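Note that this is a predicted model, so its numbers are computed, not measured. Start at 1 with the first residue, then count along the sequence.
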Amino acid sequence: MINQSLLNPQSIVVVGGSDNIKKPGGKVLKNIIDGGFAGKLLVVNQKESSVQGLACLPSVDAIDRVELAIISVPATYCPKIVHTLATQKGTRAFIILSAGFGEAGDEGKLLERKIVETVNAVNGCLIGPNCIGFLNANYHGVFTTPIPPYDPKGCDLVSSSGATAVFLIEAGIPSGLKFSNVYSVGNSAQIGVEEVLEYMDLTHDADRDSCIKLLYLESVANPQKLLKHASSLIRKGARIAAIKAGSTAAGSRAAASHTGALMNSDMVVRALFRKAGIVYCSSREELLSVASVFHYRELKGRNIAVITHAGGSAVMLTDALSLGGLEVPAIKGPDADKLLSVLHPGSSVNNPIDFLATGTAEQLGTIIDYCERKFDQIDAMVVVFGSPGLFDVANVYAVISEKLKVCSKPIYPVLPSVINAQKEIREFLATGHVNFPDEVELGRALVAIHKTPAPQEVFQPLYTVDHGAIREVIDAAANGFLSPEKVECLLDAAGVPRVHERVVTGSSELEATQHTISFPAVMKVVGPVHKTDVGGVILNIKSVDEMQARFEQLMQIDQAKGVLIQPMITGIELFIGVKRESNFGHIMLCGLGGIFVEVLNDFSSCLCPVSKTESTKMIERLSAYKIIQGTRGRGGVNEALFSEIIQRISALVTAAPEIMEMDINPLMGSLQNITAVDTRIRIEKSVS
């Protein structure tokens with residue numbers, strides 16, 4: 001795992017180093033030399049006697065001892081080189097730049113596996129293969145440029161993709177972002193993003209280390225490790241934002257349930273990030289904008305003052321903030337009137353605060369002071385100030401720079417004139433600040449951060465379930481859908497209120513039970529997966545005669561095995577679903593039920609286990625939340641009971657991890673009761 005031989009080696013060998021700086025081996029060597037590496041630097045190249053001014057060794061056999069090896073030779077040679085270095089030369093850290101391993105097919109996977117076995121055997125550390133390398137204050141072990149300005153409090157960047165890491169660095173530098181440690185983990189043969197976070201968490205020192213972590217993931221190999229260490233880092237004061245690429249593939253979804261049809265990998269990753277407190281980003285621009293926001297004081301509220309001399313920018317920013325749930329509140333009263341009196345005629349302080357294209361640096365300073373000291377409802381400021389190229393804006397940017405130092409409220413500078421005010425922006429960045437070239441990207445970043453909850457604390461479930469009764473059903477069950485009777489047992493064991501129902505399979509059985517059934521009743525075909533689609537649900541049955549006729553009708557449906565009969569319950573239709581998603585565990589969904597769950601596409605998700613706080617937030621995040629609250633004189637739903645049922649289902653699937661999919665659709669809800677009306681549970685015991 002990550003060790004000092006990787007982080008601060010006293011000796012490095014570049015295997016495959018050359019004079020050709022257009023190849024990885026030559027460029028990484030040049031970067032190490034240009035970076036002023038203070039330790040012993042060796043080069044291995046069997047075809048050369050000297051490379052870039054350094055004496056060259058013919059093979060690794062000629063080395064005495066070396067701590068870190070950076071390898072850039074064809075993949076087939078790497079296992080033997082690694083074995084020699086690890087077992088004979090005391091090498092305990094390896095960076096393999098070469099491609100042709102696991103990403104190339106089975107033969108490459110075998111080579112990769114041999115290398116990992118060798119490195120693990122000596123308790124060593126492996127970055128890659130198929131990566132651009134590693135970069136920190138001690139050495140520049142990457143074969144790419146640019147080499148970003150180093151700052152111990154800059155961004156730590158961990159990326160599955162080397163090219164994406166380069167693109168992020170390239171785009172971040174012009175905005176003033178600085179970087180600390182850069183990990184390109186490539187194939188993550190031994191060390192992936194999760195292992196880097198684990199190391200950062202276990203060694204975190206808030207006074208020494210960066211508190212900004214940026215992640216680019218192409219897969220999540222160990223969700224629980226990511227959750228554990230990201231959550232821990234954030235609780236220690238770090239702030240983490242991440243992109244998870246490839247999040248739109250539906251995966252293997254046999255649409256056997258509403259939950260299975262609705263769920264996709266993006267939803268699963270978002271649920272994981274939300275539970276960990278990681279800000280989810282969908283693009284490089286968003287990730288860098290979030291990182292730039294992290295650079296400034298933390299936004300404690302939701303009320304933003306937009307200060308500008310450009311009306312259009314203010315409108316676009318206000319829209320982005322307002323649509324995302326942040327506020328640009330009106331500013332009124334005596335203090336607002338006093339501020340307006342010192343601005344040019346035609347200015348506005350209503351918010352956005354527009355002090356016109358003729359506004360001065362002095363006026364800007366006064367506006368910021370009022371927002372800081374007078375307007376208590378304001379939690380942060382965005383200052384949008386560019387230049388048409390008619391005058392020098394250095395004095396304006398100097399005011400912003402000074403206010404950033406002294407104000408307790410966050411100030412986010414949007415300096416969009418990257419051509420007309422290039423020199424002034426460069427001077428502003430030289431003072432250690434970060435610029436937001438685009439006001440809408442800033443607004444979206446602020447919204448993304450605002451919507452990201454704090455990491456969920458480890459909690460004890462509020463509600464107990466009958467674990468013994470649950471295991472008795474599950475242990476005796478075969479793979480596939482449980483019978484209605486077994487579903488009832490599980491709901492009862494979990495403490496979930498349910499409608500009382502009967503399943504009848506023949507006319508004689510119907511005659512024996514029909515006089516005990518209360519009307520109006522509901523009849524549903526047993527067998528077909530999607531009952532509504534095949535006309536398998538009949539409501540408002542009012543008599544025994546009608547029940548007998550409808551029974552014959554339902555039994556004519558293809559794959560019908562019986563008919564479920566239950567009293568008809570009224571209320572608002574709700575939905576709860578659960579699906580086990582590979583190594584993530586169970587993901588829970590909730591929303592409106594009936595046909596609306598798919599038609600409206602309005603549901604919330606959460607990674608199990610689900611706490612009271614999380615279940616409450618799941619309900620509140622729904623677009624249909626006002627319906628649940630009650631609207632236009634119509635009664636709503638008992639939110640506390642809805643939250644409780646979500647938690648109880650979470651406890652049920654925790655006790656029964658063999659549950660692959662579960663739908664309760666609908667739950668009929670009112671202010672007094674919530675009752676599970678139709679529940680399906682599918683068991684899959686082959687899942688570990």
Side-chain angles (χ1 to χ4, degrees), residues 1-2 6 15-16 23-25 28 44 46 59-60 69-88 91-134 142-144 158-165 183-196 198 215-226 243-254 264-265 268-269 580-584 684 686-688:
M1 292 293 116
I2 293 175
L6 173 72
V15 182
K23 292 185 176 181
V28 71
V44 170
Q46 63 181 0
S59 74
V60 293
I70 301 177
I71 302 174
S72 181
V73 298
T76 53
Y77 298 110
C78 290
K80 182 178 179 182
I81 291 170
V82 170
H83 186 269
T84 299
L85 289 168
T87 60
Q88 301 176 30
T91 309
R92 293 296 176 264
F94 300 84
I95 300 173
I96 300 181
L97 309 179
S98 314
F101 289 92
E103 82 285 357
D106 291 340
E107 186 175 340
K109 289 178 182 177
L110 179 60
L111 296 174
E112 196 170 277
R113 195 176 306 123
K114 288 180 179 178
I115 290 171
V116 172
E117 289 172 356
T118 298
V119 175
N120 286 342
V122 297
N123 196 28
C125 167
L126 171 64
I127 299 293
N130 189 28
C131 69
I132 65 167
F134 171 75
V142 295
F143 68 82
T144 54
V158 190
S159 178
S160 300
S161 163
T164 300
Y183 290 83
S184 165
V185 295
N187 291 1
S188 303
Q190 186 208 46
I191 292 175
V193 174
E194 299 93 330
E195 286 72 31
V196 176
E198 178 182 31
L215 314 178
Y216 174 86
L217 304 99
E218 293 182 344
S219 65
V220 182
N222 193 330
Q224 295 306 315
K225 179 177 283 190
L226 182 71
I243 298 171
K244 166 59 178 71
S247 295
T248 57
S252 54
R253 307 279 183 243
N264 58 52
S265 59
V268 175
V269 171
R580 184 174 177 87
E581 185 66 19
S582 63
N583 54 347
F584 284 79
E684 179 54 75
S686 63
V687 175
S688 58

### Which residues share a side chain to side chain contact (heavy atoms under 4.5 Å, CB included) with A104, sequence neighbours left out
none
### Message
Whether the side chain of Q88 engages the backbone of L85 through a donor-acceptor N/O pair (distance < 3.5 Å, no angle test) should be reported.
### Response
no
### Message
Which residues pass the side-chain hydrogen bond (donor to acceptor under 3.5 Å, both in side chains) test with N222, not counting sequence neighbours?
### Response
none
## Note on the structure
Hits for ring pair (Phe, Tyr, Trp, His ring centres under 6.0 Å) against Y216, two or more places apart or cross-chain, chain-then-number order -> none
#### Entry: Minimum heavy-atom distance between A99 and A75, given as atom pair plus value
O-CB, 3.5 Å
## Note on the structure
d(C131 SG, Y183 OH) to nearest 0.5 Å is 12.5 Å
### Query
Which heavy-atom pair separates P24 from F143 by the least distance, and what is that distance?
O-CB, 3.5 Å
### Query
Donor-acceptor pair, S159 side chain versus G162 backbone, under 3.5 Å?
no
### Message
When you compare the side chain of V73 with that of I81, does any pair of heavy atoms fall below 4.5 Å?
### Response
yes
### Query
Taking side chain as C-beta onward, heavy atoms only, is I127 less than 4.5 Å from L6?
yes
### Summary
Between the CG atom in L215 and the CG atom in L226, the distance rounded to the nearest 0.5 Å is 7.0 Å
### Task
Could you note down all residue pairs passing salt bridge (Lys or Arg N to Asp or Glu O under 4.0 Å) where residues 93-103 supplies at least one of them, sequence neighbours left out?
none
Could you give the side-chain donor-acceptor pairs of residues 105-118 under 3.5 Å, partners two or more places apart or in another chain?
from: E112; atom 1: OE1; to: G102; atom 2: N; distance (Å): 3.0
from: E112; atom 1: OE1; to: N187; atom 2: ND2; distance (Å): 2.9
from: T118; atom 1: OG1; to: K114; atom 2: O; distance (Å): 3.1

### V60 and V15: CA distance, side-chain angles, deciding distance, side chain to side chain contact (heavy atoms under 4.5 Å, CB included) verdict
CA-CA 8 Å; V60 293; V15 182; 3.9 Å; yes
#### Entry: Pair listing, side chain to side chain donor-acceptor pair (under 3.5 Å) test, anchored in residues 73-87, at least two apart
none
### Query
Judged by atom type as modelled, is there a donor-acceptor pair below 3.5 Å linking the side chain of N583 to the main-chain atoms of A221?
yes
### Query
How far apart are the C-alpha atoms of E218 and S161, what are their side-chain angles, what is the distance that settles it, and do they pass the side chain to side chain contact (heavy atoms under 4.5 Å, CB included) test?
CA-CA 8 Å; E218 293 182 344; S161 163; 3.5 Å; yes
#### Entry: Side-chain touch S188/V193, heavy atoms, less than 4.5 angstrom
no
### Query
Are P129 and S98 side-chain neighbours, meaning at least one heavy-atom pair lies under 4.5 Å?
no
### Query
Are any non-hydrogen side-chain atoms of C125 and R92 less than 4.5 angstrom apart?
no
### Message
Within the 4.5 Å heavy-atom criterion, are V220 and L217 side-chain neighbours or not?
### Response
yes
### Message
Can you give me the closest heavy-atom contact between V185 and G192, atom names plus distance?
### Response
CG1-C, 4.2 Å
### Task
Show your working on side chain to side chain contact (heavy atoms under 4.5 Å, CB included) between Q190 and E195 and close with a plain yes or no.
CA-CA 9 Å; Q190 186 208 46; E195 286 72 31; over 6 Å; no
### Query
Is there side-chain contact between V196 and I2, with at least one heavy-atom pair below 4.5 Å?
yes
### Query
Can you tell if the side chain of F134 reaches within under 4.5 Å of the side chain of I70, non-hydrogen atoms only?
no
### Query
When you check the gap from the basic side-chain N to the acidic O, do E684 and R580 get nearer than 4.0 Å?
no
